[in-house]
Amino acid sequence: MVDEREAPPGVRVHRRLAEEHVAQERGYGLPFAGLRRVAMARANPMATGGRDARTIVKEHPRDAAAIVILVAAALLVPFHLAPLAIFPVPVVVWALGAALVLFSESWNLRDRLLGTGAPMLGYSVGGVLVGGLRVGVEAGWQPFIEQFFDVSGTMFMIGTGLGVVWLSYRLLALEER
């Protein structure tokens, strides 16, 4: 390579323009650029800088395990397993996954709180809102409580899905930070 100072002025200008064009093609500076590179990984291995799901799992095994445990918690909801002491099994599994996420050093505090708080937010707020809407004109606490518990599991699953998607995206986008 020729030293930048030894190159003629025209070469330096065009080299800079070419580097800017390559940076734009890779999607740097665009929102969700990491997601675009992940989607293009199979088409062009250089699009993700050599990172794919396999390398992410190798580099961050505890973080990948936390994500898998959170997914398992959501998938346990429809089985209506007997509670452990007073806690439903999906909540116990979620607590284990949340502890792994909270002790992780890969994500920043905001990402950890969003990823672990989304399932409980979905369970509580989603259960209240959707359960309240499903009660309709029926008066009293009993119909509301029944509707809350009918929809809160589904809302927990949706919240877990959103939290896992966010944590996975942030884990894939680590090289940009």
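Considering every non-hydrogen atom in both Val93 and Ile69, the closest pair reads O-CG2, 3.4 Å. Of all heavy-atom pairs spanning Arg62 and Glu105, the tightest one is NH2-N, 4.4 Å. Between Arg112 and Trp107, the shortest heavy-atom distance links the atoms NE-O, 3.2 Å. Ala66 and Leu100 make their closest contact through CB-CB, 3.6 Å (heavy atoms, listed as atom of the first residue, atom of the second, distance).
The side-chain heavy atoms of Gln147 and Asp150, taken from C-beta on, include a pair separated by under 4.5 Å. Within the 4.5 Å cutoff, side-chain heavy atoms of Leu167 are placed close to those of Leu70. Inter-residue side-chain proximity for Leu171 and Ile67 is flagged as met; some heavy-atom pair is nearer than 4.5 Å. Within the 4.5 Å cutoff, the side chain of Ser106 has no heavy atoms near those of the Glu59 side chain.
Both Val164 and Trp94 are members of a single hydrophobic cluster when ILVMFWY side chains are connected at heavy-atom separations under 4.5 Å. No continuous path of hydrophobic side-chain contacts links Val151 to Leu133 [ILVMFWY only; heavy atoms under 4.5 Å].
Taking NE2 from His60 and OG1 from Thr55, the interatomic distance works out to 8.5 Å, rounded to the nearest 0.5 Å. Distance check: Leu121 CG to Met155 CE gives 9.0 Å after rounding to the nearest 0.5 Å.
Ring geometry for Phe148 versus Phe144: interplanar angle of 30 to 60°, hence tilted.
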Assess whether side-chain contact (heavy atoms from CB on, under 4.5 Å) is satisfied between Trp166 and Leu162, documenting all intermediate values.
CA-CA 6 Å; Trp166 179 255; Leu162 292 173; over 6 Å; no
Thr160/Val71 under side-chain contact (heavy atoms from CB on, under 4.5 Å): CA gap, chis, key distance, verdict:
CA-CA 7 Å; Thr160 302; Val71 169; 5.6 Å; no
